[in-house]
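Working notes, structure below.
Chain letters run A, B, ... following the sequence lines, proteins first, then strands; residues in each count from 1. Below, all heavy atoms of this structure are taken into account, side chains as well, without hydrogens, waters or symmetry copies.
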Amino acid sequence: MQPNREQRLWMYEHMLVSRYFEETIEKIYLEGKTPAFNMANGPIPGEMHLSNGQEPCAVGVCAHLNAGDIVTSTHRPHHVAIAKGVDLDRMAAEIFGKKTGLSGGRGGHMHIFDPAVNFSCSGIIAQGMAPAVGAALSRKMSNREGVAVAFLGEGAANQGAFHESLNLAAVWELPVVFVIEDNSWGISVPKADATAVPRNDVRAAAYGMPGVYVTDNDPFAIFDAAGEAIARARAGGGPTLIEIETWRLAGHFMGDAEGYRPKGEKDALFAKDPIPRMRERLIAAGDLTAGDDAALAAKARARVDTAIAFARESDYPAAEEALERVFA
Amino acid sequence: MNDKVSVTNERRLTIARAMAEAIAQEMRVDERVFVMGEDIGTLGGVFGNTRGLVEEFGKLRVRDTPISETGFIGAAVGAASDGMRPVVELMFVDFFGVCMDAIYNLMAKNTYFSGGSVKVPLVLMTSTGGGYSDAGQHSQCLYGTFAHLPGMKVVSPSNAYDAKGMMTAAIRDENPVIFMYHKGLQGMGWLGTEPGATVNVPEESYEVPFGKAAVVREGTDVTIVGLAMGVHNALKAADLLAKKGVSAEVVDLRTLVPLDRDTVFNSVKKTGRLIVVDEDYHSFGVSGEIIASVCERDVSVLKAAPRRVAYPDVPIPFSRPMEQFCLPNPDKIVAAFDSIAGA
């Protein structure tokens, strides 16, 4: 299954929006945090996990989804949220802790909920998986259309929730797809030191479901694998486990000195940054001219700038709003 | 039993049967309601509270799960957020250790973290309590553990009338509800049962609203506050005290979240003395919270220091004499009163 031109351009455009968004957040995050780095300071306090480099996973999968489909994501959620169509203005405002944010500033960057497009995420490793299974169960039981996709990191494949969720999805034949973004690092621990098998897709066999490994952070190969899995889920064929080789171009979080990376690794990763690779590929295929590319880039920047301006200009919530919304 | 709707018959039910009836009645009128958990299908629940459901509603709506509490409770959160109304069983509350993230990080926080745009109408029913030598991984109450964490309602009935009405209210609630049922009140012959929990239950559907404690016995000399099994111990203690000429008022909290502090306070204002009975651990729990809520409001209503009859801060032992030594009982409540009677 290969994307058509419209899909290819959609994927590229959302990769651009995601990257500009992260680069902009990165700059703003450092405001107020120099010369002494203190996570509590600046317009964006708290932990910040950037998704630079992992954009192909988000667009290759979400190209097959519509607003009614369910996605659960991780502590590193921005690229997936953008590809799923989360309201970017309100997401940015949430990241700034503003009243206009998706949850009025209660959640922040690791707790983004946009029920209009059925997107949510959790800051706890692997804990978005079971809710995706449950949402798929909900659709199946109530005969409503829709598949659920749970994104997770490769480190999450060693959590109990991973195995419980795969088994439950398989034994109940639910329309859910599990997508592992294998960036090869669990904060500072390399995959080989933490996981007994080189590739987690083989673990699918333990639960009687198809498992696929996609190499080289390739958006089209991801599109292909995800398309097949999602089509199978929609047709009642049950769950699939996909693991994607991807690259974390940033640290685990902002402020991470990344002393654990082998020498030269970052340079090697930047040399195969998926954004310029995608651009060259589209130009070579005749999908895109340099002029088109500049226009798309300008459009993406404008979209991000609008969202950031909305976030900056929005008011903080009144402090006592902290006491509201505990219950529905 | 206050707030009783018209009782048109003398039908007596156990808590187990009352819970199953409430679930069945909601399943008949709301197709979003379904049940899942371990052994809740053909077996009807280890503690009988889902008996008859799979026969009426089938295996798609009454789902036996794998032994995967993280998986199926997390799935219930996802299903509830997507518009379903799952009723899920955690067989023993002691098992919360293998699935607490799904409970307190997802179920209890998703509404807040979504600014109210995501609702999680989920009932998590779970058994509590000991007294039958099952030791400390199958006998705890853990009321305080759950009531302490914001974002979920926590209820525990002392009798079948309340159990049915509170289960109905729980299923209709837009929020997650931890429905804790005490094994010793459940009416399972093999567990030994408090007969006072088996009471008349109307056939029609009704709700017992959350946040309303019940004054189950009126008195003037001391207020004894408890919930679930604690209420029965309190009532027995009140009988013993009556023989000594002491008039005890007994308050059944019924729900911990929300907590009816007013009813407790007004009772203590009348009696001037407070004893809290709690089968959960002594420290940092329900008993301390009840006492604090009276003292913070107006300490002068107390004629004597408040007392608590709670489980000592030790893991629950297996051996009968040791476990029975640790459990609250009517004699301990009477002794607690005697220690403050002179005030």
Region of B:V88 in contact with chain A, defined by heavy-atom distances below 4.5 Å
neither
A:R232 versus A:T240, side-chain donor and acceptor atoms under 3.5 Å
yes
Of the backbone (N, CA, C, O) and the side chain (C-beta and beyond), which part of A:A132 lies under 4.5 Å from a heavy atom of chain B, both, or neither?
neither
Given A:V133, A:L102, A:L168, the one with more heavy-atom pairs under 4.5 angstrom with chain B than any other is A:L168
Among B:E174, B:K119, B:R63, B:M84, which residue has the highest count of heavy-atom pairs closer than 4.5 Å to chain A?
B:R63
Which answer fits B:D173, side chain, backbone, both or neither, if we ask what part of it has an atom under 4.5 Å from a heavy atom of chain A?
neither
Donor-acceptor side-chain pairing of B:D94 and B:Q137 below 3.5 angstrom:
no
Indicate yes or no: at least one non-hydrogen side-chain atom of B:I178 is less than 4.5 angstrom from one of B:V155.
no
Toward chain A, the part of B:S114 with a non-hydrogen atom under 4.5 Å
both
Given heavy-atom pairs under 4.5 angstrom as the criterion, report whether the side chain, backbone, both or neither of A:I124 touches chain B.
side chain
Under 6.0 Å from the ring centre and within 45 degrees of the ring axis: does the NZ or CZ of B:K109 meet both conditions for the six-membered ring of B:Y104?
yes
Under 4.5 Å from any heavy atom of chain A - which part of B:E69
backbone
Output every pair passing ring-ring contact (aromatic ring centres under 6.0 Å, His included) with a member in residues 82-115 of chain A, not counting sequence neighbours, ordered by first then second residue.
A:H49-A:H109, A:H78-A:H109, A:H111-B:F113
Select, from B:V118, B:T65, B:N110, the one with the greatest count of heavy-atom pairs under 4.5 Å involving chain A.
B:N110
Tell me, side chain or backbone of B:K153 under 4.5 Å from chain A's heavy atoms, or both, or neither?
both
Is A:A322 close to chain B through its backbone or its side chain, or both, or neither, when contacts mean heavy atoms under 4.5 Å?
both
Ring centers of B:F96, B:F146 separated by less than 6.0 Å:
yes
Are B:E56 and B:R28 within salt-bridge range, i.e. N to O under 4.0 Å?
yes
Under 4.5 Å to a heavy atom of chain B? For A:N118 that would be side chain
Which bit of A:E324 is near chain B, if near means a heavy-atom gap under 4.5 Å: side chain, backbone, both or neither?
backbone
Could you look at B:R61 and say if it's the side chain, the backbone, both or neither that has a heavy atom under 4.5 Å from chain A?
both
Given heavy-atom pairs under 4.5 angstrom as the criterion, report whether the side chain, backbone, both or neither of A:I112 touches chain B.
neither
So for atom CD, which belongs to A:Q159, do other residues, nucleotides or ligands contribute more than 12 heavy atoms lying within a distance under 6.0 Å?
yes
Which bit of B:L106 comes within less than 4.5 Å of chain A, counting heavy atoms only: side chain, backbone, both or neither?
side chain
In terms of heavy-atom proximity below 4.5 Å to chain A, should B:M36 be classed as side chain, backbone, both, or neither?
side chain
Main-chain N/O of A:G46 paired with A:Y29 side-chain donor or acceptor, under 3.5 Å:
yes
Keeping A:E94 on the side-chain end and A:G107 on the backbone end, is there a donor-acceptor pair under 3.5 Å?
yes
Toward chain B, the part of A:R139 with a non-hydrogen atom under 4.5 Å
both
Let me see the working for B:V177 and B:L124 under side chain to side chain contact (heavy atoms under 4.5 Å, CB included), right down to the final yes or no.
CA-CA 6 Å; B:V177 178; B:L124 184 65; over 6 Å; no
